[in-house]
Amino acid sequence: MLPSKPKKIRLFGSPAKVKSPQLKRKAIPTWVDVSDEEDRKQRRRQSGGGKQKHQQQPQAQSTPQHPQKQHSQISHPQAHSTPPRKKARLSGPTAPIQEQRRLLPIARGRDALVQEIRANEVTVLLGETGSGKTTQVPQYLLESGLAGAAGLIGITQPRKVAAIALAARVSAEQGTPLGGRVGYAVRFDERAGPATRIKYMTDGMLARELLGDALLSRYAVIVVDEAHERTLRTDLLLANLKRILRERNGDGKGKGKEKAANPLKVVIMSATLDAEKFSRFFSNAKIIYVKGRQHPVKIFHSVQGQTDYVDAALRTFFQIHVDQPPGDVLIFLPGQEDIESLEQAVALFARQLPAGHAEVSCAHVRRAPGRADAEDLRLGTAQRAEVHSRDQHRRDVHHHPRCPVCHRHGKSKEKRYLAGSSGGGFDTLLTRDITKSNAMQRAGRAGREGPGFCYRLYTEDAFRTMAPAPSPRSCAAASRGACSSCSASGRHAGARADGRARHRRRLLRLRTLFLLGALDSERAITKLGRAMAAFPLEPAHARALLASKDLACTAEVLDVVSVLAASGGLFVDAAAQRTGIAEARRKFVHPSGDHLTVLNVVRAYAAVGNENDTREEAEEREREREGAEEKVGRSVRKEWARAHFVNERTLREARAIRTQLVVVCRREGLDPRASCGEREEPVLLSLAHGLAQNAALIAPDGSYKQIIGQTVVKIHPSSVMADKKVPAIIYNELVYTNQIYARGVSSIPKSFFASLGAFNRREA
DNA sequence: TGGGGATTT
């Protein structure tokens with residue numbers, strides 16, 4: 001891409017009059033505003049005036065931490081060395097920790113807040129980001145005795161890092177060591193003890209606790225944070241909380257209430273209008289509004305819709321760069337390819353910029369979907385930074401301290417599950433519009449440290465037609481996981497916050513479990529099903545692992561399944577280095593397909609740095625992981641992974657998962673060391689037991705057709721099996737983009753099918 | 001020849 005100098009084109013009209021949906025009050029639930037009096041007056045003035053925009057911030061709250069210093073070259077060493085995270089932002093430069101707590105916006109409403117929560121069973125807390133609600137509310141509850149003498153306060157987070165960072169911060173605020181009064185629990189890592197009263201945890205972790213204690217009786221308060229992200233897990237959690245409230249507190253109409261010996265309080269925290277949905281779900285629970293640290297943000301909409309949004313973002317960026325005072329610019333784009341091409345273009349034009357303009361540096365940032373906070377994005381630079389984010393929801397251009405933000409309208413990509421006609425469905429990347437609440441939240445981000453701008457690369461009309469708020473996401477993986485925990489715990493209430501029954505899909509899930517042998521024809525859980533549920537794995541993977549017992553290849557199946565269960569992809573892909581990648585990868589490729597290719601990578605990775613170790617020695621080594629020697633090994637492995645274009649993060653995660661699975665294997669009577677050596681057949685057969693639903697036979701025309709289900713599938717180009725013609729395949733998943741692709745494919749002999757239970761059960 | 005991202009006793 002070698003375009004000419006960017007022409008200065010006016011993309012934007014005058015600032016839009018945009019009402020923030022966050023601030024709009026609807027009559028349905030009760031609203032309580034716990035902001036201080038001054039704020040309330042101000043807001044009344046604004047909304048009364050009819051042209052409310054973003055709230056003005058009282059001067060006292062305006063504490064820009066880097067006032068105007070961004071002109072000086074590299075005068076912020078910390079901007080590079082320690083990318084500030086949530087912690088850094090919360091802690092001001094010098095103020096003592098208790099002083100900082102007092103300065104948080106939420107502190108002014110503390111008493112009112114505690115009073116409201118005390119008076120209500122369920123409270124919905126609508127707080128702008130930066131209000132301090134996530135760190136402070138649990139402490140207020142504890143300090144005011146709301147959790148009783150020994151009750152736990154659990155705060156769920158959608159992400160591990162957030163749970164850990166928050167626990168560390170709050171621990172410091174309490175002046176106790178982490179794992180003392182304040183602790184956390186995430187997968188693979190728990191720091192909480194008998195003294196722990198405030199526990200930050202991932203929502204999945206609480207779901208797991210639910211299996212052991214259906215009433216969560218140790219908890220006096222459950223705080224569901226970031227509820228607006230609407231994952232299936234949070235929705236299921238909310239449904240469970242509703243049930244628990246009924247059982248522990250009585251029905252609230254009459255005698256049950258006084259009798260409750262161990263009542264539960266629930267606090268739902270949300271950053272968007274969704275608050276009202278949550279309120280309705282919990283019988284019109286009170287909504288409490290907490291003001292955040294929000295500076296005014298001027299919003300501009302594009303005069304016309306932009307078709308080439310990368311080009312539009314490029315022009316916008318330089319317009320901002322030349323015309324506006326220095327500061328970072330944050331740009332959101334939907335795909336990696338867009339990000340790379342924009343980055344190249346920016347670098348190219350930046351070099352041609354006349355002298356006197358600040359230099360431009362670029363940084364990529366990945367963001368979690370739906371994440372509301374901006375802290376993770378804050379890569380400071382001495383100059384103006386351009387930060388791109390790949391994130392399906394936010395294909396916008398955004399910005400940071402005192403800076404402009406642009407939004408690219410559009411369709412965001414979202415993984416959805418399409419229920420197939422019969423053989424189970426498949427995931428597809430659907431293109432969807434972003435929502436108003438997404439858009440407003442993002443615009444707000446430009447005002448975190450001072451007044452900012454937001455440029456949306458879509459028209460005002462486009463904004464008006466957006467849906468107000470996202471609906472819960474669901475994709476095959478999530479649903480399958482949820483299903484396994486549902487059936488394992490004896491069928492939980494299926495009520496969802498939205499109330500939309502997805503009956504058909506649920507039936508398909510049950511069918512999957514039946515075909516795997518986890519449920520019998522009466523839909524009761526079988527012995528095999530119980531064993532499957534013992535593993536923190538998708539049913540298909542758990543089934544494959546259990547099949548490995550009789551086939552004496554548990555070690556190998558563990559290797560494969562732990563990678564499949566890890567979150568990221570195994571292989572790194574960068575368009576620019578495609579030939580090098582193919583070359584480096586060739587030595588791992590196994591003729592039977594992707595599963596054994598994965599196994600080859602895992603084995604090679606395990607051997608790095610300790611070529612002569614046996615598996616036993618390697619396991620030994622794993623046990624003493626924290627040592628200094630291990631650190632050396634780690635850097636060697638890192639280098640190895642880089643050289644071979646494999647994702648080391650994925651491999652490390654897979655290792656942690658494997659270690660966890662080994663423990664479960666031992667308990668379930670599987671020998672995790674049982675190995676079939678170099679024989680491939682037992683491994684493939686085990687996997688086929690789990691993936692029987694995902695099997696296809698070649699048709700005369702060379703395409704593959706599902707055995708269960710009638711869909712014609714094509715092997716995904718990323719597979720080592722792409723373009724190969726074999727009699728039969730199994731695959732990990734189907735992805736629908738412009739065709740229906742099978743990903744994670746292995747060739748299997750047709751003779752396998754006779755021994756797979758799924759095909760006998762199929763007739764039943 | 002094609003790729004949003006989290007999470008699990």
Side-chain angles (χ1 to χ4, degrees), chain A residues 156-163 185-190 201-213 226 229-234 236-237 332-340 365-371 376 389-395 411-416 427-432 434 473 475 477-485 488-489 533-539 541-542 562 565-575 578 582 647 653 656-657 660-661 663-664 667-668 714-723 733 735-744:
Chain A
T156 71
Q157 291 291 317
R159 273 164 297 279
K160 295 209 280 192
V161 276
V186 301
R187 192 186 189 188
F188 306 130
D189 195 5
E190 172 158 12
M201 60 215 294
T202 46
D203 41 21
M205 211 63 175
L206 190 60
R208 282 301 178 182
E209 277 197 34
L210 216 46
L211 298 185
D213 175 7
E226 314 274 12
E229 293 195 12
R230 304 302 306 274
T231 63
L232 197 81
R233 277 197 319 278
T234 20
L236 280 172
L237 180 60
F332 292 89
L333 290 165
Q336 191 176 349
E337 211 172 296
D338 293 333
I339 292 172
E340 283 170 9
V365 179
R366 284 182 182 218
R367 296 187 53 214
R371 175 151 178 128
D376 293 348
S389 166
R390 176 170 49 165
D391 175 329
Q392 85 290 6
H393 272 145
R394 334 252 133 146
R395 35 158 57 165
K411 320 293 178 180
S412 64
K413 285 181 183 169
E414 190 168 307
K415 205 171 195 175
R416 287 268 166 174
D427 280 338
T428 180
L429 280 172
L430 283 185
T431 302
R432 304 178 62 84
I434 59 171
R473 289 170 284 149
C475 56
S479 320
R480 270 184 255 137
C483 194
S484 105
S485 41
S489 60
F535 291 92
L537 289 172
E538 283 179 43
H541 299 155
S562 54
S567 48
L570 181 56
F571 294 110
V572 176
D573 211 346
R578 197 165 282 175
N647 196 337
E653 190 187 345
I657 292 170
Q660 189 186 34
L661 294 177
V663 176
V664 185
R667 206 170 57 218
E668 295 294 314
K714 197 166 188 296
I715 297 176
H716 196 278
S718 65
S719 169
V720 304
M721 294 300 293
D723 302 323
E733 60 173 356
V735 184
Y736 177 70
T737 46
N738 46 46
Q739 294 187 73
I740 298 173
Y741 287 107
R743 275 207 294 216

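- Nearest to the side chain of T202(A), among dT1(B), dT9(B), dT7(B), sits dT7(B).
- Atom pair I657(A):CD1 and dT7(B):C1' shows a separation of 10 Å (rounding to whole Å applied).
- When heavy atoms are screened at a 4.0 angstrom cut-off, V664(A) is found touching no nucleic acid atom at all.
- If you measure from atom CZ of R743(A) to atom P of dG3(B), you get 7 Å, rounded to the nearest angstrom.
- When every heavy atom of P536(A) is checked against every heavy atom of Q660(A), the shortest pair comes out as CG-OE1, 3.7 Å.
- Here the P atom of nucleotide dG3(B) and the CZ atom of F571(A) are 18 Å apart, to the nearest Å.
- A search for side-chain contact (heavy atoms from CB on, under 4.5 Å) contacts involving S718(A) returns H716(A), R743(A), not counting sequence neighbours.
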**OP:** Evaluate the criterion side chain to side chain contact (heavy atoms under 4.5 Å, CB included) for residue pair R187(A) and I657(A); output intermediate values, then yes/no.
**Re:** CA-CA 9 Å; R187(A) 192 186 189 188; I657(A) 292 170; 3.9 Å; yes
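- For L661(A) and dT8(B), the CG to C1' distance is 11 Å, given to the nearest whole Å.
- One finds the CZ atom of R159(A) at 6.0 Å from the CD atom of E226(A) (value rounded to the nearest 0.5 Å).
- dG5(B) atom P lies 13 Å from atom CZ of R159(A), rounded to whole Å.
- As rounded to whole Å, 16 Å separates atom P of dT8(B) from atom CG of L210(A).
- Straight-line distance from the OH atom of Y741(A) to the P atom of dG3(B): 7 Å, rounded to whole Å.
- When heavy atoms are screened at a 4.0 angstrom cut-off, E209(A) is found touching no nucleic acid atom at all.
- If you take CD of Q739(A) and P of dG2(B), they are 7 Å apart, rounded to a whole angstrom.
- In the set dA6(B), dT8(B), dT1(B), dT8(B) carries the atom at the smallest distance from any side-chain atom of K160(A).
- Among the atoms of the strands shown, base atoms are found under 4.0 Å from some heavy atom of A534(A).
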